[in-house]
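See structure below.
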Amino acid sequence: MSDRDILDELNREQRAAVECTDGPVMIIAGAGSGKTRVLTYRIAHLLNKGVDAFGILALTFTNKAAREMKERITSLVGGEARNLWMGTFHSTFARLLRREAYRLGFPPDFTIYDTEDSKGLLKSIIKEMNLNDSTYKPSALLGRISSIKTMLVSSKEYINDPHYSGEDRRMRREHFGQIYETYTKRLFKSGAMDFDDLLFFTNILLRDQPDMLLKYQNMFRYILVDEYQDTNFSQFMILRQLAARHQNICVVGDDAQSIYAFRGANIQNILNFQKQYSDTAVFKLEQNYRSTQTIVNAANQVIAKNRDQLAKKIWTANEQGDKIPVLRAFTDSEEGRVIAQLIYERRMQKNVPYREFAILYRTNAQSRPLEEALRKIGIPYRIYGGLSFYQRREIKDMLAYFRLAINPNDEEALRRVINYPKREIGDTTVDKMAVAAADNDVTIWTVMENLPDFELGLQNRSREKIMDFVNLIKSFSAVLPTHNAFQAGDFIASGSGIIKEMFLDRTPEGINRMENVQELLNGLRDFSLKAENDPATATLNHFMEDIALLTGEDVNETDENEKDKVLLMTIHAAKGLEFNYVFISGLEENLFPSQMAVIDREDLEEERRLFYVALTRARKNATLTYSMSRYRYGSSVSCEPSRFLEEIPAEFLDNASSTAEPYQPREMQRIPRPPNTGYSNGTPPVIRSPLTNKKLISVNKVSATQSTVNNRHLEILRAGMFVEHERFGRGEVLKMDGIYPDGKALILFETGEKKQLLLRFARLNIVEDSSK
DNA sequence: GCTTCTACCGTTTTT
DNA sequence: CGGTAGAAGC
């Protein structure tokens with residue numbers, strides 16, 4: 001596409017922002033104003049002007065955004081786009097650090113620890129320091145370490161700063177400094193970095209090594225940053241250093257959409273950008289192309305009172321649109337039913353595909369009643385941005401072997417698989433080696449490799465097992481340089497015994513896990529094939545480079561079946577997306593706005609921005625829902641409508657269509673419980689599957705317990721009839737000689753794929769079995 | 001070593 | 001209530 005054509009596709013504001021290529025530029029892009037378009041066209045324009053793609057650094061907020069932008073640029077100007085430095089802050093600077101980390105003493109193949117790894121490491125540190133107090137919780141510690149690293153305070157500086165030690169003493173966490181130091185050391189020894197380190201060490205490198213700074217300043221002639229309102233101090237400092245020389249930095253963002261303060265994002269970065277760079281050219285994109293006037297105006301009202309913001313006026317030439325319906329429900333499950341019902345009706349009446357609906361919520365925990373309701377009337381849905389494929393247990397197990405092969409010092413990977421599958425290296429053995437490692441200031445792997453040099457008091461049998469393991473890992477490492485990722489991965493998968501272990505597990509979950517591992521290997525094959533003509537890039541090492549940085553949306557999104565589904569997600573996850581129909585659920589005080597924001601500090605601005613983001617995801621219609629009671633910790637609590645509902649002028653809202661049928665006092669709504677577990681009148685209800693409408697086995701719940709799966713369970717597991725239970729979801733009938741002697745059957749419900757596989761068993765009366 | 005029982009805690013939001 | 005860790009039980 002020629003440059004002229006590119007520029008002709010833009011409106012006047014957008015075009016001006018694209019054409020101003022040099023010097024500091026700030027583009028304030030309101031929601032739905034074509035921000036991505038401006039960024040992509042700007043890059044295309046730069047390339048057309050003859051700027052080398054290698055000289056452009058473009059930073060996005062998610063991998064997905066980077067990928068999509070790259071595709072669009074490719075379609076505009078062709079394959080040159082491949083050479084752009086484009087990605088998230090984390091992945092881009094991980095790439096940079098792989099080249100340069102040797103200067104900081106890290107191996108080029110350093111491992112990236114994800115949150116789980118980091119917590120695991122902290123946990124072992126706490127244990128070793130005998131601090132197993134409940135005051136030192138891994139996640140809290142990690143949170144603090146993270147925010148300190150974001151402020152670029154090293155462990156050394158931390159320990160020597162009386163301000164911090166005083167603060168820790170007050171907080172009764174006097175060992176925190178020591179923990180931070182040990183954590184840092186252990187990461188270093190393990191050849192690993194956590195998420196924050198990727199930014200931290202990039203900063204250190206640029207700060208302390210002038211030749212590095214110069215190199216990258218000269219390399220990145222043009223810097224573009226998307227979602228600038230959500231950058232943190234560490235990211236700010238990287239940008240400041242890199243842009244100092246050429247000052248060609250273009251930041252795009254919307255202060256009204258800054259919603260990540262909790263992880264260190266600093267809205268001041270965007271508010272003060274003009275002070276940072278005195279001759280900044282500022283462009284404002286104020287025309288919204290996405291939503292109806294009603295939605296745009298209502299959204300404007302939501303943030304109108306915020307103190308921290310840049311002046312702008314978002315407007316739209318789109319149609320007026322419907323008023324925003326506000327629906328009240330009695331309970332969270334009714335709220336789900338109402339939403340499901342509306343989706344069903346709209347799909348039927350207007351033939352709207354499922355994918356045009358999104359249900360947004362403030363906290364992940366809210367998804368469950370929504371899911372139940374959707375499942376009940378057979379609406380397909382998908383939770384967007386959930387657990388990454390690469391964070392599943394079985395996948396992490398496999399990856400741990402890969403990681404060990406690449407970097408045997410990786411302690412978390414080692415601990416994860418040293419006794420999986422079982423090879424008789426138990427906790428006590430590992431603990432002994434860990435102590436020896438700490439005493440001698442080496443890694444556990446070093447201890448294992450040089451076992452005879454250490455007095456560990458181990459049995460000969462254990463020593464042999466350890467040596468076997470060492471040789472196993474070494475045999476894996478040996479394969480890496482000469483084979484591609486798939487060959488190496490396949491070799492490790494079978495050599496480690498994982499495949500065999502999983503193959504023996506014939507439970508539905510086990511089969512599912514096996515399929516996931518297969519999927520991983522398929523992924524490796526694709527990866528190897530894609531990089532075939534350049535064998536150096538087809539290695540497992542290369543595949544593993546930024547696996548830890550991938551999120552749930554970076555894998556299976558091309559799957560056809562996955563496409564036409566209603567999407568459920570947190571509002572945070574919805575940033576950057578848009579849908580025709582959006583439901584914003586749980587608009588209740590102390591939920592949205594969250595309790596934290598209400599009581600902790602009277603700081604509701606970010607919550608309002610969050611609401612703003614939620615509203616502006618909608619093109620045609622945004623529907624607000626709330627309920628008067630909600631389950632929390634098992635018991636029902638009553639809720640007040642959110643203050644946000646009052647902050648929108650009534651002219652934009654449509655309260656008439658409230659679900660509240662003739663109002664009933666709350667007491668009436670309590671579902672009467674039968675006095676005992678049996679059916680007193682002897683006529684049990686017939687349950688029909690909402691999916692198939694088939695008559696299900698009518699049941700009467702007698703008792704339910706949770707349990708880990710044991711061999712007996714596996715033995716009796718036979719796929720029987722499908723049963724759905726209001727409370728536990730779906731499950732399969734387990735038969736043990738058909739029926740228990742007392743006329744009850746065992747029904748098994750999955751409670752999900754978590755660390756510990758727990759199944760829920762309910763013993764149920766079989767009253768009628770219409771399947772026969 | 002493996003299973004089951006018991007006590008405890010928790011809800012923001014995530015690259 | 002549901003998930004988890006660690007103790008108790010075999």
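Remember, predicted model here, so these are calculated numbers, not experimental data. Every chain is numbered from 1, with letters handed out A, B, ... down the list of sequences.
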Query raised in the report: Within the structure shown, what part of the strands sits under 4.0 Å from A:Y260 by heavy-atom distance: base, sugar-phosphate, or nothing?
Result: sugar-phosphate
Report task. For A:Q235 and B:dT14, give me the distance from atom CD to atom C1', rounded to whole Å. Result -> 12 Å
Query raised in the report: How is A:F61 classified with respect to the nucleic acid when contacts are heavy atoms under 4.0 Å: base, sugar-phosphate, or nothing?
Result: sugar-phosphate
Query - Atom pair distance, as rounded to whole Å: CD1 in A:I383 and P in B:dT13 - result: 12 Å
Query raised in the report: Would one find a side-chain N or O of A:T570 under 4.0 angstrom from OP1 or OP2 of B:dT14?
Result: yes
Query - Spacing of A:K119 atom NZ relative to C:dA5 atom P, expressed in whole Å - result: 12 Å
Query raised in the report: Of the nucleotides B:dT11, B:dT14, B:dC2, which has the atom closest to the A:F262 side chain?
Result: B:dT14
Report task. Starting at atom NZ of A:K123, determine the distance to atom C1' of C:dG6, rounded to an integer number of angstrom. Result -> 11 Å
Requested in this report: Indicate yes or no for a side-chain donor-acceptor contact from A:T92 to the backbone of A:T88 under 3.5 Å, with no hydrogens or angles considered.
Outcome: yes
Query raised in the report: How many Å lie between OH on A:Y361 and P on B:dT13, as a whole number?
Result: 10 Å
Requested in this report: Could you check whether A:K575 gets within reach of a base, just the sugar-phosphate, or nothing at all, counting any heavy atom under 4.0 Å?
Outcome: nothing
**Report entry** Verdict with supporting geometry, A:D546 and A:S91, side chain to side chain donor-acceptor pair (under 3.5 Å)
**Finding:** CA-CA 7 Å; A:D546 45 25; A:S91 66; 5.2 Å; no
**Report entry** Near-ring test A:F592/A:Y626, centroid separation under 6.0 angstrom
**Finding:** no
Query raised in the report: Just checking, A:K575 and A:F61: is the charged tip under 6.0 Å from the six-membered ring centre and within 45° of the axis?
Result: yes
Report summary line: Note: for A:R632 and A:T88 on DNA chain B, the residue whose nearest nucleotide lies more 5' is A:R632
**Report entry** Whole-Å distance separating the NE2 atom of A:H90 from the C1' atom of B:dT14
**Finding:** 10 Å
Query raised in the report: Would you say B:dC9 has OP1 or OP2 under 4.0 Å from some side-chain N or O of A:K137?
Result: no
Query raised in the report: Expressed as a whole number of Å, how far does the P atom of B:dT13 sit from that of C:dT4?
Result: 16 Å
Query raised in the report: Nearest to the side chain of A:R368 - B:dT15, C:dG3, B:dG10?
Result: C:dG3
Requested in this report: Whole angstrom is fine here: how far is it from CE in A:M193 over to C1' in B:dT15?
Outcome: 16 Å
Requested in this report: For A:K422 and for A:E606, locate the closest nucleotide of DNA chain B by heavy-atom distance; then report the residue assigned to the nucleotide nearer the 5' terminus.
Outcome: A:K422
Report task. Quick one: label A:N364 by what it contacts on the DNA or RNA (base, sugar-phosphate, nothing), any heavy atom closer than 4.0 Å. Result -> sugar-phosphate
Query - Plane angle bin for A:F262 and A:Y260 - parallel if under 30°, tilted between 30 and 60°, otherwise perpendicular - result: tilted
Report task. Nearest whole angstrom, please: distance from the C1' of B:dT15 to the CG of A:D196. Result -> 9 Å
